[in-house]
Amino acid sequence: MAALNELIQKVENPELRTQLQAAADKLTKQKKFGLVFEEHLPECTPLYDIPVRKGAKVSVRNGKANKTYTVLKIENDIATCLPRNSKEAVKFSVDKLVTTAELGDPIYPCLQPLGEVCNAPNSELWHTLIEADNYHALQLLEYLYAGKVDCIYIDPPYNTGAKDWKYNNDYVDGNDQYRHSKWLSMMQKRLEIAKRLLNPEDSVLIVTIDEKEYLHLGCLLEEMFPAARMQMISSVINPKGTARSNEFSRVDEYIYFVMIGEYQLSRTGNDMLTQNVSDESNVRWRGFPRTGRKGLRPVNPGSWYPIYFNCTDDSFHSIGEAVYAGEVIPPAPEGTYAIWPPVRNGEEYSWAMVPATFRKLYEIGAIRFGKPQKGKGTSISYLTNNQLKEIENGTIMVTGRDTNGALLVAYSEASKTTAPKTQWNMTTHEAGTYGTNIIGSIIPGRRFSFPKSLYAVHDAIRFFVSNKPNALIVDFFAGSGTTLHAVNLLNAEDGGHRRCIMVTNNEISAEERKDFEARGIRQGDAEWEARGIARYVTWPRTVCSIEGHDVNGKPLKGNYITTGEKELPMADGFKANAAFFKLGFLDKTKVSLGMQFKELLSTLWMKAGAIGRCPVIDESVPDMLILPENKMAILNDENRFGVFVKELAQHPEIEVVYLVTDYESSFVAMSQALEGKKTYQLYKDYLDNFRINAGRNGR
């Protein structure tokens with residue numbers, strides 16, 4: 001279809017070109033073959049911070065959100081409700097109900113500040129994290145940035161059959177016969193808005209997936225982006241493999257790249273398959289501690305042993321023999337202290353190999369020690385068997401040894417304009433070492449299942465934004481917050497000013513949900529919300545990675561693995577800022593009367609580019625706000641326009657102006673007087689956007 005569209009654009013006659021394009025577009029909508037699924041499954045979202053009122057659409061708390069009722073009346077905290085498609089009223093205690101929005105209902109969103117981290121007070125760059133159902137957040141982002149986003153990276157739920165995602169506030173499991181339809185319906189609704197966010201002239205959509213839905217997703221993307229160029233990458237994320245009964249052991253996942261318009265794929269000295277780069281830092285030594293459930297001590301009893309370091313200078317001394325369960329732990333040799341495999345979340349793990357293998361690798365220089373940490377030994381890494389074979393065949397060159405006898409190695413010289421291949425096999429993409437372990441070092445004790453490798457996300461994004469230092473990047477399945485972390489790393493490497501917007505819900509695990517409900521704790525309660533992913537994982541990781549410490553205030557250890565020669569200690573953090581918001585909802589009548597200006601200010605700040613610290617005001621509504629640090633201004637009283645213009649003249653850096661007026665003619669006249677400024681009419685611009693888009697977005 002992409003080739004057909006390209007041919008149509010070559011037709012010189014504009015009328016004929018338009019007719020041909022219309023016929024082609026009509027053809028793509030026919031489904032004589034291809035992806036067919038139940039597209040109109042109802043999807044509803046509980047709005048826990050909206051009071052239950054007469055006339056509201058509601059559902060039962062912690063129940064199925066699409067089982068809705070209309071509130072007929074409320075007396076003595078008892079709501080009389082009419083179920084959908086029924087004439088027989090039922091009654092509920094108000095505290096058992098929650099206001100609910102069906103996709104397609106008009107909603108009027110706002111951003112409620114929850115926190116901020118500022119590690120670059122002189123920088124205008126502010127990232128944002130939004131706690132929300134991502135559908136409604138996407139509706140807001142369309143109002144803010146339609147056609148302006150350079151890159152969308154998402155890692156949606158893989159629909160494995162485990163309880164890893166919800167539809168209508170209910171977990172979807174492998175026994176649900178509509179599992180695939182629900183997943184596709186969920187994805188389609190969100191991708192429709194995402195498509196409108198992307199810059200049609202030059203942008204990319206990146207979606208990761210595994211074998212459960214990759215065929216369905218590919219068909220959906222091809223159907224939704226017929227004019228785009230699309231490729232699927234296979235990326236090794238677990239070289240050890242995930243064993244499955246009577247099946248191949250899975251080591252990879254898939255990444256779809258949907259490339260739109262005149263995109264430019266950056267070429268580097270790395271083809272992502274052979275890692276044939278010339279600088280030494282790109283030979284990735286593997287971390288010595290095991291990760292994942294297969295790294296537990298009971299699974300590898302012969303790999304649980306002490307490593308001894310000299311007390312005088314923390315240098316390596318020797319290793320002991322394996323200590324099995326129930327055996328007495330031997331004393332350390334005189335003048336040394338012992339380091340044992342790590343304990344994570346109360347469980348003992350093992351080293352990557354048995355003592356005999358360690359000694360063999362140490363003798364040939366394939367064991368490397370990091371910078372000594374006083375009283376804590378040092379980090380240890382090793383070369384894998386595959387890398388040793390690459391040394392033998394000359395792919396990896398040995399250039400010498402370091403002061404501890406470890407090999408100095410480098411990949412053979414390669415072209416600096418190598419095109420990345422469609423099979424990625426990067427050691428830095430290993431999810432355990434560079435995903436789980438990185439999160440574990442930042443937020444120890446707080447579990448997050450299957451995090452992405454920081455460098456896997458970094459690499460996927462940089463191929464399309466390395467030549468865009470001011471790119472806007474969005475992730476609306478943000479999870480643990482890897483995307484913002486990766487954007488900060490990319491900016492630190494090349495001095496870029498790229499901005500990231502992340503969206504994630506504040507869902508808790510199935511186990512925690514069961515425990516809370518048993519104790520009478522409900523969604524929306526403080527204890528429940530505090531353990532949600534946005535507040536317990538995503539935001540703490542964002543703050544700590546920017547400031548360079550873990551959640552306990554201890555400096556992060558080690559250096560980031562960079563694409564250049566620049567050394568970036570994790571403890572240095574990043575010169576970056578981020579604001580944390582919760583998506584809230586406003587009353588359209590109060591908005592139209594100008595009664596919710598304070599609540600809308602954060603939204604106006606984001607629409608103006610999220611430049612500088614998000615402004616805040618008290619309850620009073622000023623006649624005007626001149627905010628040069630945010631490059632925006634707001635006129636609330638059009639009778640003060642003359643004074644407003646004089647104030648603006650003192651601040652030529654202001655680019656965006658909001659004008660509050662009920663009259664189109666007044667807005668046009670004022671906009672003409674402010675030639676050169678980007679102007680918006682409040683509150684008409686805001687209200688019209690969400691009223692008009694409601695039906696379209698809901699299908």
Side-chain angles (χ1 to χ4, degrees), residues 1-2 5 21 24-31 34-45 66 101-107 109 130 132-157 159 165-168 180-201 203-209 213 216-230 256-261 472-478 501 503-505 583 688-699:
M1 201 62 208
N5 284 313
Q21 188 64 62
D25 291 344
K26 184 178 180 180
L27 181 64
T28 62
K29 294 179 181 179
Q30 296 180 5
K31 285 191 175 181
L35 187 65
V36 179
F37 65 98
E38 207 168 333
E39 296 184 11
H40 297 284
L41 292 170
E43 186 175 350
C44 302
T45 304
N66 66 329
E102 184 172 337
L103 300 197
D105 292 344
I107 54 99
I130 302 173
D133 167 83
N134 57 12
Y135 181 85
H136 293 308
L138 281 167
Q139 287 182 296
L140 175 62
L141 291 179
E142 184 180 1
Y143 169 64
L144 301 176
Y145 301 123
K148 296 180 180 180
V149 174
D150 298 287
C151 172
I152 292 178
Y153 177 99
I154 55 173
D155 179 34
N159 205 17
W165 71 289
K166 284 185 172 184
Y167 196 89
N168 285 323
H180 296 292
S181 278
K182 287 180 178 179
W183 190 88
L184 284 166
S185 180
M186 180 272 295
M187 289 296 295
Q188 183 193 47
K189 291 183 178 75
R190 287 151 180 81
L191 287 172
E192 283 177 339
I193 306 179
K195 182 177 181 179
R196 297 194 288 270
L197 287 178
L198 289 164
N199 179 355
E201 304 298 325
S203 59
V204 63
L205 167 67
I206 306 171
V207 189
T208 62
I209 200 68
E213 296 288 0
H216 299 135
L217 176 63
C219 289
L220 180 63
L221 292 172
E222 193 171 62
E223 180 181 295
M224 296 185 68
F225 296 87
R229 197 171 296 276
M230 187 170 76
Y256 279 106
F257 289 88
V258 181
M259 298 163 280
I260 298 168
L472 176 58
I473 299 156
V474 170
D475 181 352
F476 54 88
F477 284 101
I501 300 171
V503 179
T504 186
N505 59 32
L583 193 72
D688 284 354
N689 176 81
F690 293 103
R691 181 174 63 251
I692 292 170
N693 285 341
R696 177 179 70 175
N697 290 335
R699 294 295 297 264

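All values below come from the heavy atoms of this structure, side chains included, with hydrogens, waters and symmetry mates left out.
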message: Please give me the minimum heavy-atom distance between Leu141 and Leu197, naming the atom from each residue.
response: O-CD2, 3.3 Å
message: Treating Lys195 as the side-chain partner and Met224 as the backbone partner, does any N or O pair qualify as donor plus acceptor under 3.5 Å?
response: yes
message: If I compare all heavy atoms of Gln139 with all of Phe690, which pair ends up nearest, and what's the gap?
response: O-CE2, 3.5 Å
Asn505 side chain to Asp133 backbone, donor-acceptor under 3.5 Å: no
task: Test Leu205 against Leu221 for side chain to side chain contact (heavy atoms under 4.5 Å, CB included), laying out the working first.
output: CA-CA 10 Å; Leu205 167 67; Leu221 292 172; 3.9 Å; yes
Heavy-atom closest pair, residues Val503 and Ala137: CG1-CB, 3.6 Å
- prompt: Taking atom CZ of Arg190 and atom CD1 of Ile152, what is their separation to the nearest 0.5 Å?
  reply: 13.5 Å
field: Partners passing side-chain hydrogen bond (donor to acceptor under 3.5 Å, both in side chains) against Tyr256 (at least two apart in sequence or in another chain)
entry: none
message: Using the side chain to side chain contact (heavy atoms under 4.5 Å, CB included) criterion, which residues pair with Ser203? Sequence neighbours excluded.
response: Leu198, Asn199, Ile260
field: Shortest non-hydrogen contact between Ile193 and Glu142, atoms and distance
entry: CG2-OE1, 3.6 Å
field: side chain to side chain contact (heavy atoms under 4.5 Å, CB included) against Glu213, all qualifying residues, sequence neighbours excluded
entry: Asn159, His180, Trp183, Ile209, His216
- request: Measure the spacing between NE2 of His136 and OG1 of Thr45 and express it to the nearest 0.5 Å.
  value: 3.5 Å
message: For a 4.5 angstrom cut-off between non-hydrogen side-chain atoms, does Lys189 reach Tyr135?
response: yes
Partner set under salt bridge (Lys or Arg N to Asp or Glu O under 4.0 Å) for Asp155, not counting sequence neighbours: Lys452
- request: State the CG-OH distance between Leu138 and Tyr145, to the nearest 0.5 angstrom.
  value: 13.5 Å
query: Taking all atoms of both residues into account, what is the closest heavy-atom pair of Phe477 and Pro157, and its distance?
result: CE2-CD, 3.6 Å
- prompt: How many angstroms lie between CZ in Arg196 and CG in Leu191, if you round to the nearest 0.5 Å?
  reply: 11.0 Å
- request: Name all residues meeting the salt bridge (Lys or Arg N to Asp or Glu O under 4.0 Å) criterion together with Glu222; count only those two or more places apart in sequence or in a different chain, and write none if there are none.
  value: none
- request: Compare every heavy atom of Met187 with every heavy atom of Leu217, then report the nearest pair and how far apart it is.
  value: CD1-CE, 4.4 Å
task: Could you check Tyr153 against Thr208 for side chain to side chain contact (heavy atoms under 4.5 Å, CB included), going step by step and ending with a plain yes or no?
output: CA-CA 8 Å; Tyr153 177 99; Thr208 62; 3.4 Å; yes
- request: Identify, with sequence neighbours excluded, every residue that meets ring-ring contact (aromatic ring centres under 6.0 Å, His included) alongside Phe257.
  value: Trp424, Phe464
task: Measure the CD-CG distance between Gln188 and Leu220 for me, rounded to the nearest 0.5 Å.
output: 6.0 Å
